[in-house]
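Protein chains get the first letters and strands the later ones, always in sequence-line order, with residue 1 at the start of each. Keep in mind that what you see is a predicted model, and the values were worked out from it rather than measured.
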There are 4 protein chains.
Amino acid sequence: MTTRSTPDTSRRSERSRKAILQAARDLVAETGYAKLTIEAIAARAKVGKQTIYRWWPSKGAVLLDSVLALSQADQDQDITLPDTGDIETDLKALMRATAAEFAAPAFAAPLRALTIEITADPRLADDYHKRVAAPMEEAKKQRLRSAQRAGQLAADADLDLILDMLYAPLAQHWMLHSGPLASDYTDRLVDAVLRAFSPRT
Amino acid sequence: MTTRSTPDTSRRSERSRKAILQAARDLVAETGYAKLTIEAIAARAKVGKQTIYRWWPSKGAVLLDSVLALSQADQDQDITLPDTGDIETDLKALMRATAAEFAAPAFAAPLRALTIEITADPRLADDYHKRVAAPMEEAKKQRLRSAQRAGQLAADADLDLILDMLYAPLAQHWMLHSGPLASDYTDRLVDAVLRAFSPRT
Amino acid sequence: MTTRSTPDTSRRSERSRKAILQAARDLVAETGYAKLTIEAIAARAKVGKQTIYRWWPSKGAVLLDSVLALSQADQDQDITLPDTGDIETDLKALMRATAAEFAAPAFAAPLRALTIEITADPRLADDYHKRVAAPMEEAKKQRLRSAQRAGQLAADADLDLILDMLYAPLAQHWMLHSGPLASDYTDRLVDAVLRAFSPRT
Amino acid sequence: MTTRSTPDTSRRSERSRKAILQAARDLVAETGYAKLTIEAIAARAKVGKQTIYRWWPSKGAVLLDSVLALSQADQDQDITLPDTGDIETDLKALMRATAAEFAAPAFAAPLRALTIEITADPRLADDYHKRVAAPMEEAKKQRLRSAQRAGQLAADADLDLILDMLYAPLAQHWMLHSGPLASDYTDRLVDAVLRAFSPRT
DNA sequence: AGCTAATCGAGACGGTACGTCTAGTCTTGCG
DNA sequence: CGCAAGACTAGACGTACCGTCTCGATTAGCT
């Protein structure tokens with residue numbers, strides 16, 4: 001029982017849907033955000049422009065689905081992060097993986113374009129949080145709760161704040177080209193955050 | 001003695017320069033980033049389009065100067081932050097002031113627009129760091145060094161990391177509409193960072 | 001037993017056929033030729049677009065049937081024009097009636113639209129002549145032949161030329177908005193033509 | 001002292017104006033009316049679409065100027081028709097020349113397209129009459145007046161009606177593909193009209 | 001005080017993309 | 001199988017801006 005403001009979804013062409021998302025990803029990775037136009041996406045996907053306008057309200061919405069399709073390539077179920085029992089190890093690995101994604105054009109280019117659209121469109125920002133950020137944050141919080149139970153984090157630690165302090169500096173470096181994405185940096189970030197939220201002795 | 005690749009600056013119309021920066025700020029605050037076009041700026045500033053293209057390489061460059069003119073309304077000299085002797089007090093005040101700026105349309109709208117441009121243009125990002133971010137970061141570091149001398153921060157604390165951990169979460173909340181800008185939040189952020197970098201006992 | 005290149009006509013929906021012709025007429029009379037689109041006709045007639053494309057090769061063909069249905073509202077048999085015995089009287093009455101039709105939107109609008117299509121499509125022009133113009137011309141010629149027999153027209157008068165000289169000026173005024181459609185004009189036209197083709201004394 | 005509702009004409013590019021009119025003519029002659037689009041004209045003329053929209057209100061207006069430029073290739077002054085002293089000879093020559101124009105694609109194709117536009121647009125029809133038809137009609141009337149003075153036409157002959165009766169049948173044959181354009185036909189047309197308007201004996 | 005060369009407001013230019021509309025085809029499910 | 005409905009590819013519509021390019025008309029700074 002969906003309540004979309006879009007047309008009857010049962011008649012929708014799956015072939016076109018996939019071609020559009022793929023074209024958007026390919027184009028932004030190959031030619032950059034500036035040349036990512038609806039016309040170019042339609043042409044690359046061998047699709048009429050109207051087919052894009054029929055199913056997505058904006059270029060940003062296409063990008064959101066593009067990125068989503070990329071990160072959910074295989075799974076539709078909930079995300080579960082590795083749990084070695086040591087929160088420091090796991091967080092450092094996670095942060096390095098995130099930094100690696102930011103460095104990989106095929107993933108980073110659509111995500112950067114999407115971030116630009118989000119920054120200019122609060123409605124898209126909402127969608128992004130609900131459909132991309134929230135599931136990932138929930139997975140991360142589960143790992144943090146596990147660490148709390150293991151006594152590796154303070155019982156009253158503010159998990160949202162921890163996630164912010166871990167993710168935002170790295171994301172900012174990437175988005176604004178303002179600093180390193182190296183594992184050296186992410187390791188020190190994890191160390192500092194764990195120091196701030198370690199259980200009191 | 002500047003070495004710009006722009007025309008003879010002595011003949012430049014100061015009236016036009018100011019009108020353009022003002023128009024850019026006003027337009028983005030009133031009508032939003034989407035309607036911030038070179039044509040609209042020129043029309044609002046009662047200026048020929050060529051006058052903009054003559055002195056700025058891109059819309060983002062105009063915005064950079066716009067934001068710069070706004071934050072340097074009075075001073076041209078170095079920024080100095082308040083120093084009450086207590087780093088916690090001073091950082092919390094600073095963070096609240098930053099959050100207040102993010103909440104004020106007249107300042108936040110041009111800054112958000114500039115951030116969008118920066119995200120899409122690495123060259124502009126460089127300029128932004130040199131001319132806006134770096135001076136501010138230097139002032140903040142001076143305050144942090146003062147705290148180190150006073151024994152309120154670990155002597156080997158990574159000051160850049162501290163600044164990232166303070167500023168990035170707040171900036172991210174603002175840019176992506178992903179969380180609160182309230183003083184409650186900034187206070188807890190400062191607390192956590194100070195915990196992470198307090199001198200070892 | 002017709003030999004159309006269209007699908008099996010026995011299964012055809014009479015309700016749809018009529019609704020389409022009616023919708024075409026109504027639309028062109030209400031909103032003008034510019035808004036007469038296949039989509040609009042289908043929507044107005046509560047008909048799928050394919051039903052139009054299945055039975056008519058072009059918008060002009062629909063219009064042709066529309067106009068035909070209008071002028072043959074009652075009769076399917078041959079047209080017979082009034083014959084008072086005086087050719088001048090009868091032609092003047094005929095011309096006035098024609099001018100009146102040109103002035104009536106419900107009839108003139110579809111006919112004007114059809115004329116536009118004909119001008120751009122020679123195949124449609126052929127159809128128009130065979131199915132609309134020729135029967136009417138034959139009726140007119142019969143009346144002229146009657147006048148010849150009565151000694152009111154020269155025995156060797158070129159009847160096709162007479163019809164051209166009577167109808168074309170009036171039709172041209174109507175189509176190109178280039179002159180009057182008044183009975184004063186049509187009367188003078190009839191007078192001139194009769195002068196040209198009266199029997200030599 | 002012009003009162004056009006178009007922009008300042010002094011800055012207008014003569015090169016673009018000519019290229020547009022030429023492109024319109026060429027396109028309609030080569031590919032037909034159906035493919036005569038503003039986009040195609042702009043592309044063929046190596047011109048931005050806006051340059052067309054800036055100076056002409058419609059495709060029909062471009063065609064009007066196109067046809068006008070064609071028929072005024074050399075002269076800007078008034079048209080004067082040949083006068084051999086014999087009206088029959090001159091009118092037959094004139095009608096044959098007109099029929100020849102209708103048969104020449106380079107001239108006939110733009111004129112046919114223009115006629116279609118005129119039929120659908122009363123405002124364009126007005127313009128056409130003032131700028132194309134009226135000057136030509138005036139020249140024809142002068143020749144007819146000369147014939148009146150020479151006693152070859154009735155002194156009270158309705159010259160407008162004569163012109164209608166000569167031109168409309170031929171034009172109708174051409175536009176609706178409804179009859180011949182041969183000199184045989186035009187000669188008989190002239191004969192009939194002269195019979196109708198010869199001086200009474 | 002005039003000369004002259006660059007800057008100015010203005011806006012036309014060749015282009016590109018927008019978001020909408022319609023053409024004509026194709027697909028789905030009902031009767 | 002025809003039908004209503006409507007999604008599909010394709011492409012033109014008319015508009016908005018881009019960045020470049022003339023135009024005179026100021027308006028400096030130098031002679």
Side-chain angles (χ1 to χ4, degrees), chain A residues 7-13 15-17 19 34-43 45-55 57-59, chain B residues 7-13 15-17 19 34-43 45-55 57-59, chain C residues 7-13 15-16 19 34-43 45-55 57-59, chain D residues 6-13 15-17 19 34-43 45-55 57-59:
Chain A
D8 178 10
T9 205
S10 70
R11 292 204 184 290
R12 182 170 189 176
S13 160
R15 184 251 144 209
S16 296
R17 203 193 113 261
K35 291 193 179 171
L36 184 74
T37 64
I38 299 271
E39 297 225 315
I41 295 171
K46 295 268 183 189
V47 142
K49 287 200 292 176
Q50 199 58 46
T51 300
I52 300 182
Y53 286 109
R54 184 156 31 229
W55 300 108
S58 67
K59 192 169 63 181
Chain B
D8 178 9
T9 206
S10 68
R11 289 179 172 279
R12 183 171 187 178
S13 161
R15 186 249 142 211
S16 295
R17 204 193 111 263
K35 291 192 179 170
L36 184 74
T37 65
I38 298 274
E39 298 226 315
I41 296 171
K46 297 269 183 185
V47 140
K49 286 201 296 177
Q50 196 64 264
T51 302
I52 299 181
Y53 285 109
R54 184 156 30 230
W55 301 108
S58 68
K59 190 169 65 178
Chain C
D8 178 9
T9 206
S10 68
R11 289 180 169 277
R12 184 170 188 179
S13 160
R15 185 251 143 208
S16 295
K35 290 191 180 171
L36 183 75
T37 65
I38 298 275
E39 298 226 315
I41 295 171
K46 296 269 182 186
V47 140
K49 286 202 296 178
Q50 200 56 44
T51 302
I52 299 181
Y53 285 109
R54 182 154 33 229
W55 300 108
S58 68
K59 191 169 65 179
Chain D
T6 38
D8 177 11
T9 205
S10 69
R11 294 204 182 288
R12 182 169 189 178
S13 161
R15 185 252 142 206
S16 296
R17 205 192 110 263
K35 290 193 179 172
L36 184 73
T37 64
I38 299 272
E39 296 225 317
I41 296 172
K46 297 266 183 186
V47 141
K49 286 201 290 176
Q50 199 58 47
T51 301
I52 300 181
Y53 287 109
R54 182 151 38 225
W55 302 107
S58 67
K59 193 169 63 180

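Distances shorter than 4.0 Å separate some side-chain N or O of Arg15(C) from OP1 or OP2 on dA4(F). Between Arg11(D) and dC13(E), a side-chain N or O to OP1/OP2 separation shorter than 4.0 Å is absent. For Trp55(C), a side-chain nitrogen or oxygen approaches OP1 or OP2 of dC3(F) to under 4.0 Å. Taking 4.0 angstrom as the limit, Ser16(C) places a side-chain polar atom (N or O) nearer than this to OP1 or OP2 of dA4(F). Of the side-chain N and O atoms in Thr51(D), one or more sit less than 4.0 angstrom from OP1 or OP2 of dG14(E).
What separates CZ of Arg17(B) from C1' of dG9(E) is a distance of 19 Å, to the nearest Å. Rounded to whole angstrom, the span from the OH atom of Tyr53(C) across to the P atom of dT22(E) amounts to 11 Å. What separates CD of Glu39(A) from P of dG11(F) is a distance of 12 Å, to the nearest Å. Whole-Å rounding puts the Arg12(A) CZ to dC26(E) C1' distance at 18 Å. The CD1 atom of Ile52(C) sits 12 Å away from the C1' atom of dG24(E) (whole-angstrom rounding). One interatomic measurement links the two molecules: NZ of Lys35(D) to C1' of dC13(F), which rounds to 18 Å at whole-angstrom precision. Rounded to an integer number of Å, the gap from CD1 of Ile38(A) to P of dA17(E) is 12 Å. Rounded to a whole Å, the NZ atom of Lys46(D) is 6 Å from the P atom of dG15(E).
Both Leu36(B) and Val47(A) lie close to DNA chain F; mapped to their nearest nucleotides by heavy-atom distance, the more 5′-ward contact belongs to Val47(A). The 5' end of DNA chain F is approached more closely, in terms of each residue's nearest nucleotide, by Ala42(C) than by the other of Ala34(B) and Ala42(C). Mapping Ala45(B) and Gly48(D) onto DNA chain E by nearest heavy atom places Ala45(B) at the nucleotide closer to the 5' end.
Here the CD1 atom belonging to Ile52(D) is positioned 11.0 Å from the NZ atom belonging to Lys59(D), to the nearest 0.5 angstrom.
Annotation: cation-pi pair Arg17(D)/Trp55(D) absent, no NZ/CZ under 6.0 Å from the ring centroid and within 45° of its normal.
If you check distances only, the side chain of Gln50(C) does reach the base of dC26(E) with a donor-acceptor pair under 3.5 Å. In this model, a side-chain donor or acceptor of Lys49(B) finds a partner on the base of dG19(F) within 3.5 Å.
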Inset, instruction - Kindly determine whether Val47(C) and Arg15(C) satisfy side-chain contact (heavy atoms from CB on, under 4.5 Å), including the steps that lead there. - result: CA-CA 10 Å; Val47(C) 140; Arg15(C) 185 251 143 208; 4.1 Å; yes
